[in-house]
Amino acid sequence: MQDRRRVMRGLDLSMSLNVAQQAAVRHRNGPLLVLAGAGTGKTRVITHRVAALLGEGVPAWRILAVTFTNKAAAEMRHRIEHLCSGEHDVSQLWVGTFHSICARILRRHGSVLGLSSRFTIYDPGDQSSVMGRILKELNVSDKMFTPRGVLGHIDRAKNRGLGPQDLDALSLVEPVRSVVRKAYERYQERLRAADAVDFGDLLMRTVELLRVAEQPKEGQDTELDPVRGFARRFLQVVVDEFQDTNPIQAELVDRLAGRADLCVVGDDDQSIYGWRGADVDHFLSFADRHRGAEIIRLEQNYRSTMNILRSADAVIRKNHRRLGKTLWSEAGDGERVRVLMLGTERDEARFIAREIRDAIDEGANGDEIAVFYRAHAQSRVLEDEIRRVGLACKIVGGIAFYERLEIKDILSYLAVLLNPHSDAHLLRILNRPTRGIGSSSQTKLVELAASRGVSLWTVLCDPSETGLSKAAARKISAFVAMIEELRERSSVLRADQIVLQVIQATGYREMLAADDSDEAADRLENLQELLGNVAEFIQEAPSGTLEEYLEVVSLTGGERTDGLVTASVSLMTVHSAKGLEFERVYLTGMEERVFPHARVLDSAVELEEERRLAYVALTRAKRDLTLTMAAKRRIYGQVQVGQPSRFLLDLPKDAIQTIARSIAAPPPASIPAPKAAPAREAWRDDIVYEPHEARTAPEDDASPDAIASEGVHPYVGMMVRHPTLGPAEVLGWSGEGTKVKLQLRFSTREVRTILARFVAPL
DNA sequence: ACATGTTCCCTTTTT
DNA sequence: GGGAACATGT
């Protein structure tokens, strides 16, 4: 029998949710897959479902909700709280990303695996520094094996739950396979000695922990009891963005869910993390792996106008590997989707900046406007131009604040205070500011630690055993004493006070103050900002510890929400746009080789992912969607002449408004470069467009004189012959006079840059 | 040790 | 065009 409150809540739900959504919210006692198209109220379903569970008396601490980003987690918790209106203790819910949840579990139970509760999380930079040293030790060609490359293999392995012994599954060729295996082994040894884990380990070691807990109980191993208890903890598990789950995450879900009710939500059309090991097949085969699973489809879109949905559908429809669904909306056709071609990436940025400026002047809210791009490298011009028209903008992701040298240094000090065995961090600060422990001493110390299988800190604590000179040993002792002193003090101080102490006591501030360059002043300012940041963190969570601060930084890469700027325009990659929505969206760089990216053009599978990426981008917009391309764009400093993205050509004619004739042309496989930017008549009068040098003097900067003087104009798609390398296709060019360089793609598909005078037209 | 210089490769996309 | 790792000179 249902109690009164449940009936009430049921009524409540039916008023605000559609039939399919209600079904998803109410489904119990069995696995559930919600196939939720873009904008169909996926988050609503999850939050209502969790709220309903709480209403039914499921204890908050027995509910787990996994989200894709930390931001989404915060948002979800907030919305659930709102729905419950204070009736339940939402803070007890387990809501977070896979990584943050795993970190939490490992901090609590990791001792079983030899991890302390204060283990350090290594970011890609830390990983590289460890791997760099290992590769040097292994004495392998640094051309063939870069830290990044080897870590890439290890990461792929970890995404599938493979340890060093299981690398065969990666089908690497020799000698890569054996080097990676060796490096992987050593890498794990180093992390163990450092009491550290990387992102992949957070997942893998948690799975390991849960596996261990499942082993039959023998004798007195009560040590595992808490873990066993934890493994049975959750009664209800919800996973958002399930289409982006990789194998290790999928296993994690199964283990955490145990016999709990499992509800996964996702959209196969929005699977955009294949490169990170995510496999849509987990999603598609969910019903096969979970007996009796029900599938609920959400197809009514509450976000966008039909013109936007039709455009998105036209793009995604071309994919083969999909379940297939059609979104519909009651929002009406709305404005047509605009497609514009501009002269250069600068024109593109200027145009967008000006339009946003106008919109905001007419009352639009900057928060509701976003500019998307395929890769971070495209963000700079956009940022420039948007700032130039006097608007604030926030760049989501990208080269973050926390990547800066001085910030990383101070954060390294903090990491060392919590865990001095963290070699990657210790090494970073050992001689910064300079304290006479130079590179040769460092090398010796590192080698010694490696040969003994202990952390660097262990070696430093006993400097007389290092074989270094008395003077060097004394300096090391002084350093150790300083760190110990700081650790002592930090145990009684607030996080922000500790940071201040570190900046001062280590001599870091002094070092910067003594330097009168502008750069040093900038750095000091950044440290000030860091202090402000920590203070802000403390303000939000008054009992927040240094550990927690560092955890937030390492897991979010420092998603900074600049509190001051409220109504700022968002700039981000399409990947980071997933899950978000905006009234007005600009999707930039809609050119072949930019979006879709050049790197995926010869992989059908990756092209499908690229198409899904485009689909994600288009479906973020509520009302206004503008797609832009540049006729010419600098890439790696080279002017490239762009062809319209294939995605532009897929858009339905009746849903879009094309504002440059050339885009309407069919996709030529190889065409001469446009002779000039689009003629003025092609532009609508009601579009504000700034004339630009690229249009007044269109060809000057792009016409290679050397070839021109022979009466030959290179163009994109032109075939030329190199005396030794053979025939090639021209992809772009740069430079002037005799130094014109062509970017050429040879029949081997290899792309090279070669001086124009070395080739002849074919 | 530091400052400037030089070369390289680079860019997908993120927790 | 640009950052970062190396290199060379003071």
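Proteins come first, then strands; the chains are lettered A, B, ... in the order of their sequence lines, and each starts at number 1. FYI, side chains are in, hydrogens and waters are out, and symmetry mates aren't considered; it's all heavy atoms of this structure.
- Residues meeting the side-chain hydrogen bond (donor to acceptor under 3.5 Å, both in side chains) test with A:Asp281, sequence neighbours left out: none.
- Taking atom CD of A:Gln442 as the reference point, atom P of B:dA1 lies 10 Å away to the nearest angstrom.
- A:Arg160 is linked by a side-chain hydrogen bond (donor to acceptor under 3.5 Å, both in side chains) to nothing, counting only residues two or more places apart in sequence or in another chain.
- Taking 4.0 angstrom as the limit, A:Arg148 places none of its side-chain polar atoms (N or O) nearer than this to OP1 or OP2 of C:dA4.
- Protein atom OH of A:Tyr373 is 9 Å distant from nucleotide atom P of B:dT14, rounded to whole Å.
- Among residues two or more places apart in sequence or in another chain, the salt bridge (Lys or Arg N to Asp or Glu O under 4.0 Å) test is passed with A:Arg118 by A:Glu547.
- OP1 and OP2 of C:dG1 both lie 4.0 Å or more from every side-chain N or O belonging to A:Arg346.
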Measure all distances between protein nitrogen or oxygen atoms and nitrogen or oxygen atoms of nucleotides 8-10 of chain C, and list the pairs falling under 3.5 Å.
none

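- Here the P atom of nucleotide B:dT11 and the CD atom of A:Gln640 are 16 Å apart, to the nearest Å.
- Put simply, CD on A:Glu241 is 12 Å from P on B:dT15, counting in whole angstrom units.
- Checking C:dG1, B:dT14, B:dT15 against every side-chain atom of A:Tyr636, the shortest atom distance belongs to C:dG1.
- Taking a 4.0 Å limit (strictly below) on heavy-atom distances, residues 96-109 of chain A reaches DNA chain B at A:Thr97, A:His99.
- Ion pairing between A:Glu137 and A:Arg133 fails under the 4.0 Å rule for side-chain N and carboxylate O.
- If you look at A:Phe68 and A:Tyr273, their ring centroids are closer than 6.0 Å.
- Using a cut-off of 4.0 Å between Lys/Arg side-chain N and Asp/Glu carboxylate O, A:Glu447 and A:Lys444 are scored as not salt-bridged.
- Distances were taken from every side-chain heavy atom of A:Thr434 (C-beta onward) to each of C:dG1, B:dC2, B:dT13; the shortest belongs to B:dC2.
- Here the side chain of A:Arg634 is nearest to one of B:dT13, C:dG1, C:dG3, namely C:dG1.
- Residues that satisfy the side-chain hydrogen bond (donor to acceptor under 3.5 Å, both in side chains) test with A:Arg276, not counting sequence neighbours, are absent from this structure.
- Each of A:Val130, A:Val150, A:Leu135 was evaluated against A:Tyr187; a single residue qualifies, A:Val130, per the side chain to side chain contact (heavy atoms under 4.5 Å, CB included) test.
- Between A:His376 atom NE2 and C:dG2 atom P there is a gap of 18 Å when expressed in whole angstrom units.
- Proximity note for A:Tyr273 (side chain, C-beta onward) versus B:dT11, B:dT13, B:dT14: the nearest is B:dT14.
- Comment: A:Asp198 engages A:Lys158 in a salt bridge, judged by a side-chain N to carboxylate O separation of less than 4.0 angstrom.
- Phosphate contact (OP1/OP2 of B:dT14, side-chain N/O of A:Ser576, threshold under 4.0 Å): present.
- One finds a side-chain N or O of A:Thr573 lying less than 4.0 angstrom from the OP1 or OP2 phosphate oxygen of B:dT14.
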